Amino acid sequence: MTSHLLSWITFTPLLGAFLLLCIPKRAHNSIRWIALATTAITAALVGLAFSLFRASEAGFQLVERAVWIPQFGVQYLLGMDGISFPMVVLTALISLMACLGSLTHIRVKGGREKEYYFLFLLLETGMMGTFLALDLFLFYIFWEVVLVPMYFLIGIWGGPRKEYAAIKFFLYTLAGSLFMLIGIVAVYFASSPHTFDMTLLTTMKYGLLFQKVVFLAFFLGFAIKVPVFPFHTWLPDAHVEAPTPISVILAGVLLKMGTYGFLRFSYPLFPDAARWFQPAMGVLAVVGIIYGGFIALAQTDFKKMVAYSSVSHMGFVLLGLAAMNADGFRGALLQMFNHGTITGGLFLLVGVLYDRAHTRDLNDFGGLGAKMPVYAGILTFFSLASLGLPGLSGFISEFLSLLGAYQYSKLITALSAIGILLAAAYLLYMIQRVLLGKLNPKWAALPDMNALELSTLVPLMVFIVAIGLYPKIILEYMIPTLDGLLGTIRGGI
Amino acid sequence: MGPVESLRHFIPELVLLGGAFTAFFLDFLLKNKRLVGYFALLTIVAAACLLKAPPKESLDLFYGFFHLDGFANLFRVLALIAVAATILIAFGFSPLRDRYEGEFYGLFLFMAFALITVAAANNLLMIFLSVEFVSILSYLLAGFLKNDLKAKESAVKYLLFGSVCSAVMLYGMSLLFGAAGSIDLPAIARVVDSPAMKPLGMIGLLCFFVGLGFKISMAPFHMWAPDVYEGAPTPVTAFLTVAPKALGFAVLMRVLASVFGESYRDWRQVLMWLSILTMTLGNLTAISQTNIKRFLAYSSIAQAGYILMGLAVFPSPLGKDGVLIYLFAYLFTNLGAFAVVSSVGDRTGSDEIASYSGLSERAPVSAALMTVFLLSLTGIPPLAGFLAKYYVFAAAVEARFITLVVVAAVNSAVAAYYYFRVIRTMYLVPADQPALPKPPVSAAAVTWLMAAGVLGIGLFPGFFIKLILG
């Protein structure tokens, strides 16, 4: 099993999905247990990778290579390095939490559980594959495979405007990825010998004009996914309409696929173009941070507020990327992980409240702090983590991003810092409206969180505290690879 | 090669021809017309078994009237698959079940014969004859349900439109013949290659575009397609969207490759714009359709636009491969989709997209397979349609047709919208009608076979590319 560990990580969910197809529709308990067991086994396999992954090395590890389409030199090529490893861990963690969260949530939503968990597991395979594939063609396939289950998961189990949100998400992402496909094909024909193999492509040089054009093609694919302003308009719809566990996956994992694409493909393949577009990336990052923050401040819908805060926080990832230096890259990658755990947790918390009150209107709540003390504590914890309280993980990564950006442009850094201020504003304002003040008598009977809900949140809190207090535990996995990447980019200029 | 010698390589054709006559004869004798259908299937299987692997160097049969090579053989396989699948679809199509059912199968055997000669036809006369043979059979089949007003309209429209386009093509051929004094393609190629002949050659080429553009439903010669596809019996529609189109491409490729050489590169621009026009028109019009057959008709026009991308970059080998792969991927995908349309239409009695609402609960397997086919048409990996689209995109990028590939990408996104409209109806709209009964075995079998083809090409592309391109 250890010799094909990455394949097992990628395809265990798919095996579980096919197992589900063989179970009768009404065997609800078996369906749930199989889904949960599959995500747990996948997480365990990722845990196994810890013992095999050598953190101090920069290159790809646990590589699996096989010829898939000889006519185009397409390979089944999986590998893990310091960039993908944290993302795989995040995917396994968030999927497990989302699956736990689905146990009660989807039952409430009116069944069709077999289809739900089938699509859920298919989605997990797609996400894992996206982070592990090192062949551009294979990467594209996994990237697209993610879209289809997501469409159904939002479209079938979502909120009132689910159909609109689902197709909007799908079309936006598809349009972007089609341009990425053109870019991929262009890279293939520009390389000599023609190849899709990332380990070879990074050693090749392309002309500046070609780099710029193809960088833009990839940019469209990735930027829509992140989402970078002005491609973000699908995000609030999709996040708000999706059922809670799917919002968690959207925010926790899917958004990272875009920034991962920048780090994995755009920067090493087109270093000159990346340098050329550096100011643009910086500006887009700032606009995203500030714009997302202001819009979040204006929301009265709890979930929409968290969704827009995602735009703002993903801006810090982009900011770190735009800095193109060691601190910036570390901040960006760490922020990707932290945003996954923190915002994932916030979406779970929105879901907890919504399941009880069936509304998300912030102005409708108040005084819940006394009524639901455990919930209040955890919500405050996640909010503080999100607004960048020192000692929790969000602070470390945003600080690193800003540190990196400062070395690039002081103006951009100063403007981005406003984003932290805004985060404090909208999160504390939210806490004030939900937890403090006078209790709305409507909610006098709300029960506090149950054990299942706690079990989805506590592991995330462990990560947030651990990284916040001692970031080295995760940074030491990232740094060798990121430094190597920086070397490649500098070498290319 | 003389006629007697040639017969040795002509056995599958002869089997089909003999089978067709026998089928009509059996139709007189047998009460149970379904048996004629079984006989037709058997004939096709026999012909398929007799298809020999293509010879290394190509064979000129009947003094050069036919040109048997790997290319022709490939289209013979494609034609036989299409006809066999259509007959299987027709087994489950109840409006056929009256006294004409036997003739239907007989006509399809003739169709199979006509189709497998088209790809091998190697001079002007044979090309025109075989294309006309396919057309006339298509007119008959489109209007086969003769008590159905829509079918009648469809047949007449098809006939009128087809005749005009054929006449234009014939006119072009006559010009070429007049110039070269020969109906032989290589002889014509030698003559029209001289600069003085170029204007005439260009007119001849454009006339080919008209005649064959009609077959492949290329804009602006596509107007017949929606009405014909909607009115024709569903199995016939399934067939018409696939086989005549593929053969139209086969002839076009043969003519382009063997007659119009280096000095006629201007037509690449013409084809590029026609490709853009075709896919854009097809996609934009498909959005507002409410009838699933009409909807798939427009989708098939758009798909023809994508296939034309492979021709526009002629003579790039990748473009030619792209067309072939695309045609096979499209064969499985579209026949599969129509197999579902036929069996659902038969069970609900309606071809409106609205009647698909909640299909995921009423007929889960049909809905799931239909989704696979629609995703393949959208070009989502890992399905056949994606590989096909990848091929033509790659060919266009390689030839630096950047405008074309960007337009195609935008079009694909638009197409996703309307394909997902059907998926939405099946999965997101709650069921308001009772569950459907199980489909007949033949319909289920053909749907699963086509799905296997779609998934197989998508998951093991290396194997299939080798099979198709050698």
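Below, chain A is the first sequence line, B the second, and so on; all start at residue 1. Keep in mind it's a predicted model, so treat the numbers as computed, not measured.
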Margin query: Sort by residue number and list every residue of residues 460-467 of chain B having at least one heavy atom under 4.5 Å from chain A.
Written below: B:Pro461, B:Gly462, B:Ile465, B:Lys466
Next item on the list: Report yes if the distance between the aromatic ring centroids of B:Phe386 and A:Tyr140 is under 6.0 Å, otherwise no.
Entry: yes
Next item on the list: Mind ranking B:Ala408, B:Pro430, B:Ala394 by heavy-atom pairs under 4.5 Å with chain A and telling me who comes out on top?
Entry: B:Ala394
Next item on the list: Could you tell me which portion of A:Leu174 (side chain, backbone, both or neither) has an atom closer than 4.5 angstrom to a non-hydrogen atom of chain B?
Entry: side chain
Next item on the list: Please determine, among B:Pro382, B:Ala413, B:Ala416, B:Pro364, the option with the most heavy-atom pairs under 4.5 Å with chain A.
Entry: B:Ala413
Next item on the list: Check whether any side-chain heavy atom of A:Arg112 sits under 4.5 Å from a side-chain heavy atom of B:Ser360, and report yes or no.
Entry: yes
Note to self: So A:Phe170 and B:Ile423, do their side chains get closer than 4.5 Å, heavy atoms only?
What the structure shows: no
Check: Which bit of B:Leu383 comes within less than 4.5 Å of chain A, counting heavy atoms only: side chain, backbone, both or neither?
Finding: neither
Checklist line | When B:Phe393, B:Phe420, B:Tyr427 are compared by non-hydrogen pairs under 4.5 Å with chain A, the top option | finding: B:Phe420
Notebook entry, point to check: Please walk me through it: do B:Leu318 and A:Phe72 pass side-chain contact (heavy atoms from CB on, under 4.5 Å)?
Noted result: CA-CA 11 Å; B:Leu318 198 60; A:Phe72 288 113; 4.1 Å; yes
Notebook entry, point to check: Got a second to check how far A:Leu147's CG is from B:Thr378's OG1, nearest 0.5 Å?
Noted result: 11.0 Å
Item checked: Proximal component of A:Tyr151, with respect to chain B [non-hydrogen, under 4.5 Å] -> side chain
Item checked: Toward chain B, the part of A:Glu163 with a non-hydrogen atom under 4.5 Å -> both
Item checked: Which of A:Trp68, A:Tyr172, A:Trp143 touches chain B most, by non-hydrogen pairs under 4.5 Å -> A:Trp68
Notebook entry, point to check: Just wondering, are more than 12 heavy atoms of other shown residues or ligands nearer than 6.0 Å to OH in B:Tyr417?
Noted result: no
Check: With only heavy atoms counted, which part of A:Phe142 is less than 4.5 Å from chain B, the side chain, the backbone, both or neither?
Finding: neither
Item checked: Sorted by number, residues from residues 180-189 of chain A in contact with chain B (heavy atoms, under 4.5 Å) -> A:Leu181, A:Ile182, A:Val185, A:Ala186, A:Tyr188, A:Phe189
Item checked: Contacting region of B:Leu469 [heavy-atom separation from chain A under 4.5 Å] -> neither
Note to self: At a 4.5 Å cut-off on heavy atoms, which part of A:Val148 comes close to chain B: side chain, backbone, both, or neither?
What the structure shows: side chain
Check: If you count heavy-atom pairs under 4.5 Å between each of A:Ala175, A:Ser177, A:Gly155, A:Pro70 and chain B, which one has the most?
Finding: A:Gly155
Next item on the list: Apply ring-ring contact (aromatic ring centres under 6.0 Å, His included) to A:Phe137 and B:Tyr390, showing your working.
Entry: CA-CA 10 Å; A:Phe137 193 91; B:Tyr390 166 77; 5.0 Å; yes
